[in-house]
Structure formats: C-alpha cells, structure tokens
Asker: 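Sharing a structure here in structure tokens format.
Labels below follow one simple rule: chain letters A, B, ... track the order of the sequence lines, proteins then strands, and each chain is numbered from 1. Not measured: the values here are computed from a predicted model.
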2 protein chains.
Amino acid sequence: MLKNSEFVSKLRNSGLRPTKQRLKICEVLFNRDKTFHFTINDLAKNISENFNEKISLATIYNTVHAFKDKGYLKEITISSDKSYFDTNITKHHHFYDEDTNLLIDCNDNEIGKVNIKNNITGKKISSVEVLVRVASDTQNQS
Amino acid sequence: MLKNSEFVSKLRNSGLRPTKQRLKICEVLFNRDKTFHFTINDLAKNISENFNEKISLATIYNTVHAFKDKGYLKEITISSDKSYFDTNITKHHHFYDEDTNLLIDCNDNEIGKVNIKNNITGKKISSVEVLVRVASDTQNQS
DNA sequence: TTAGTAATTTATAATAGTTCTAAACTAAAT
DNA sequence: ATTTAGTTTAGAACTATTATAAATTACTAA
C-alpha cells in the first residue's frame, strides 16, 4: 500500500506531472497487495464505477502507455484481440485461463528457468516470455 | 511441395469446398519448403502481386480463420497490433527479431523443454508457448 | 503572488483493422 | 438440368485506438 505522496514522487522522478488523473490511476493500479492484471477497458470501468469524477478515455490510454514506457507496467498479449497490462514488472511468466479469461502470474515454483541453448547470432535477448494456456478438462483445446 | 489435388482432398476432408480462391491461398501458404510466417496483410499483398485475379479481403480473412480453426495454421501474437500466422503447426517456440519484425521458429536445439512444475488445479494445459524477443546490441531493450 | 509557459486533459474526429451483410455466384447433390 | 447450400464479394458497419486542437492545469520565475 503506497501513499499519495509516494505516487507524486514516483511520477515526478520519471518526468510526469502528478496530475489528479494520474494520481487516481496510480491509486487504482498500485495501491494493492497483489499484482493487478487489467485491460484498458477494465481500468476505465473500474474508475467510472469507483469515482465520481470521470477520467477521459484518451487520458486513460495516454497514462497507461506513459506508465508502460516508464516501466511501471508490462503488456501481456494473449491474442490479437486480448491485451492485458500487468503491474508486476519483474521477469515472470503466465498461465492464461481460457475459461475465465484470467491471467495468473507464475513464479519459479511453477515454471522452471527457460533454457535458451542458442540465440540468434549478433542479437541480444530482450525478453523471454512463457504463456501457458489452460482450460478445464471438459473444454476443447486449441 | 504439394499438388493441387492434395489441397482439394485436404479441403474436402475438413468440410471446406475446394473453391479456386481457397486453392490459390493453399498454394501461397503451403506450397513451400520452409515454414511461412505471415500477417493477413502480407498474404493479401502476396496474392495481389503474384496473381492476376484478385481475392476479396473478406475471403482472405475468412479463409485464414477457417484454416486456423481446422488446425492448418497457428496464430502467434507478438503485441496488440502484430499478429502472425504460422504454417508450422507442430509444437514449437519462437524468436522475434524486433529490428526486422521477423519471427523465427525454434526447435529443441535452441530452446529446451519448458519445465512446468505445478499447473493450476483442475485445469489441463492446452498450449505452452515461449517467445524470445531479440534485438541488435545497439538498440534499447524493452 | 502573479504572469507566463509548457504539459496535460478533454471531447470529438479520424483512422485502421476486422467483421458483418446481403446479393451474386458456384460447387455439389438430386 | 434443377435445386440447394456453401462461398465470394463489395461495401457498410463496427471496434479499438490514436490524433487533434481548444481549454485547463501545473509549474517556473519574477
């Protein structure tokens, strides 16, 4: 749980003015015990349901992208029409529950280190991401 | 290299009529030695450049999705705005070159088996996909 | 304080990618 | 041949995201 003043300095330190819209978004995203996985739509809905003052959709998009660019959020793409943001910015992998459309963070207890034996010549690895899709037994698999 | 008659039976066997549009698309996609990674846009461009008769964009979308549903293509999503289809439908992983926007198939020589130690209770794993993003040393990483 | 400025927010327009629609056409069955 | 159901097509519709430009706000420096 972070205080408002911590968000103010977090924003200032990354060259973003601590506007009331950004602080509100910080509160929704980062004032949590657990990792938060959300779509832009989820976030917009959450804000409009929980606060009286509305934040323009354009601002929500701008802010989420700014936070992503500053490294406060990670983007996890599931399919061409499902993209989530993740407040957990450490290196980690995901389960994706196809029944509930929920993302679940993995730690090293669930997925072992990926062994990359040979990289492309002359290139540097910028990220390694594993996505494990799961579904209940009775459903058809893809 | 497959013959036209093989595509005809392939389509018939999966309940799709072998229309000339579908056969043309089969030719472009499957009449190759190597795996083909493409976007809908790549495919549409390829067809319009290499054939005189045009195929409607709607048909290209329909056909690619039908082929995906029938298991002849796999979809690989890189980011919310970049989605590729892959003619290699075996279980495999990918490198994604951020400099060239090219996907590269991996085999077991490059990426070892992913060790999933604990799955979500009551769920079955439908797929495991690793995406390794690479870029040249001089570029900034994400 | 108070101007001045630059950044930010906002509603709306524009754009892009994809899906929908319904009429025309085609493959296959009778 | 005729019929039927599946397919293709152009263009409309839709959806998610980005751009625009005016109004507002945060900050700076006098």
Side-chain angles (χ1 to χ4, degrees), chain A residues 4-5 7-29 38-48 51-70 72-73 75-85 101, chain B residues 4-5 7-29 38-48 51-70 72-73 75-85 101:
Chain A
N4 194 275
S5 66
F7 294 136
V8 171
S9 24
K10 180 173 182 163
L11 289 169
R12 281 232 178 78
N13 290 339
S14 46
L16 297 171
R17 286 187 177 174
T19 64
K20 70 178 195 315
Q21 290 87 347
R22 285 176 179 159
L23 289 169
K24 192 147 283 179
I25 291 172
C26 278
E27 226 182 284
V28 174
L29 298 184
F38 65 95
T39 64
I40 296 276
N41 197 43
D42 293 336
L43 179 58
K45 212 172 151 197
N46 185 315
I47 291 168
S48 74
F51 298 96
N52 284 341
E53 311 159 63
K54 71 163 290 206
I55 300 182
S56 157
L57 190 57
T59 301
I60 296 176
Y61 272 99
N62 286 341
T63 303
V64 167
H65 287 136
F67 285 4
K68 189 196 163 189
D69 293 343
K70 296 298 179 182
Y72 302 147
L73 292 171
E75 191 169 4
I76 314 295
T77 310
I78 299 301
S79 62
S80 38
D81 61 347
K82 279 197 205 70
S83 183
Y84 291 81
F85 291 89
N101 289 348
Chain B
N4 194 275
S5 66
F7 294 136
V8 171
S9 24
K10 182 174 180 161
L11 289 170
R12 279 231 180 77
N13 290 340
S14 46
L16 297 171
R17 286 188 179 173
T19 63
K20 71 178 195 314
Q21 291 87 345
R22 285 175 179 160
L23 288 168
K24 192 147 284 178
I25 292 172
C26 278
E27 227 183 282
V28 174
L29 297 184
F38 65 96
T39 64
I40 296 275
N41 196 43
D42 294 336
L43 178 58
K45 213 173 150 195
N46 185 314
I47 290 168
S48 74
F51 298 95
N52 285 341
E53 310 161 61
K54 70 163 294 205
I55 299 181
S56 156
L57 190 57
T59 302
I60 296 177
Y61 272 99
N62 286 343
T63 305
V64 167
H65 287 135
F67 286 4
K68 188 197 162 188
D69 292 345
K70 297 296 180 185
Y72 302 147
L73 293 172
E75 190 169 6
I76 314 296
T77 310
I78 299 300
S79 62
S80 38
D81 60 348
K82 278 198 205 69
S83 184
Y84 291 81
F85 292 89
N101 289 348

Asker: Do you know which two heavy atoms are closest between B/Thr77 and B/Ser83, and how far apart they sit?
Answerer: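 Looks like OG1-OG, 4.0 Å.
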
Asker: Report yes if the side chains of B/Phe7 and B/Lys24 come closer than 4.5 Å at any heavy-atom pair, otherwise no.
Answerer: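 A side-chain contact is absent here, since even the closest heavy-atom pair is not under 4.5 Å.
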
Asker: Quick one: closest heavy-atom pair of A/Leu11 and A/Pro18, and the distance?
Answerer: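 Heavy-atom minimum between the residues: CD1-CA, 3.6 Å.
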
Asker: I'd like a list of close polar pairs between nucleotides 25-28 of chain D and the protein, N/O only, cut-off under 3.5 Å.
Answerer:
from   : atom 1 : to      : atom 2 : distance (Å)
D/dA26 : N3     : A/Arg17 : NH1    : 3.2
D/dC27 : OP1    : A/Arg12 : NE     : 3.3
D/dC27 : OP1    : A/Arg12 : NH2    : 3.0

Asker: In this structure, how many angstroms lie between the C1' atom of D/dT8 and the CZ atom of B/Arg22, rounded?
Answerer: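 So the two atoms are 9 Å apart, to the nearest Å.
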
Asker: Kindly state which residues belonging to residues 51-63 of chain A come within less than 4.0 angstrom of DNA chain D, counting heavy atoms of the residue only, listed by number.
Answerer: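 Correct list: A/Ala58, A/Tyr61.
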
Asker: With side-chain contact (heavy atoms from CB on, under 4.5 Å) as the test, pick out the partner of B/Ile47 among B/Val28, B/Leu57, B/Asp42.
Answerer: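 Testing B/Ile47 for a side-chain contact (heavy atoms from CB on, under 4.5 Å) against B/Val28, B/Leu57, B/Asp42 leaves exactly one candidate, B/Val28.
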
Asker: Nearest nucleotide by nearest heavy atom, which residue falls closer to the 5' end of DNA chain D, B/Gln21 or A/Asn41?
Answerer: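 Looking at DNA chain D, the more 5' nearest nucleotide goes with B/Gln21.
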
Asker: Would you check if A/Asn46 and A/Phe38 make a side-chain contact, meaning some heavy-atom pair closer than 4.5 Å?
Answerer: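 They are not in side-chain contact.
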
Asker: Taking only residues two or more places apart in sequence, or in another chain, which ones meet B/Glu75 in a salt bridge (Lys or Arg N to Asp or Glu O under 4.0 Å)?
Answerer: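 Here the qualifying residues are B/Lys68.
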
Asker: Within a strict 4.5 Å, meaning less than it, do heavy atoms of the A/Ile78 and A/Asn101 side chains meet?
Answerer: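 Heavy-atom side-chain distance check fails, nothing below 4.5 Å.
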
Asker: Are the side chains of B/Leu29 and B/Tyr72 in touch, meaning some heavy atoms are under 4.5 Å apart?
Answerer: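 Heavy-atom side-chain distance check fails, nothing below 4.5 Å.
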
Asker: On DNA chain C, which is the earliest and which the latest nucleotide, 5' to 3', with an atom closer than 4.0 Å to a heavy atom of chain B?
Answerer: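 The footprint of chain B covers C/dG17 to C/dA28.
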
Asker: Got a sec, which residues hit side-chain contact (heavy atoms from CB on, under 4.5 Å) with B/Lys45, two or more places apart in sequence or on another chain?
Answerer: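 B/Glu49.
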
Asker: Specify the separation, in whole Å, of atom NE2 of B/His65 and atom P of D/dT8.
Answerer: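 Checked: the NE2 to P distance equals 15 Å.
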
Asker: Rounded to whole Å, how long is the line connecting atom CG of B/Leu16 with atom C1' of D/dT7?
Answerer: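 My rounded result for the distance is 11 Å.
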
Asker: List in chain and number order the residues that pass side-chain contact (heavy atoms from CB on, under 4.5 Å) with A/Thr59, two or more places apart in sequence or in another chain; answer none if no residue qualifies.
Answerer: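 Partners of A/Thr59 under the side-chain contact (heavy atoms from CB on, under 4.5 Å) test: A/Gln21, A/Ile55, A/Ser56, A/Thr63.
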
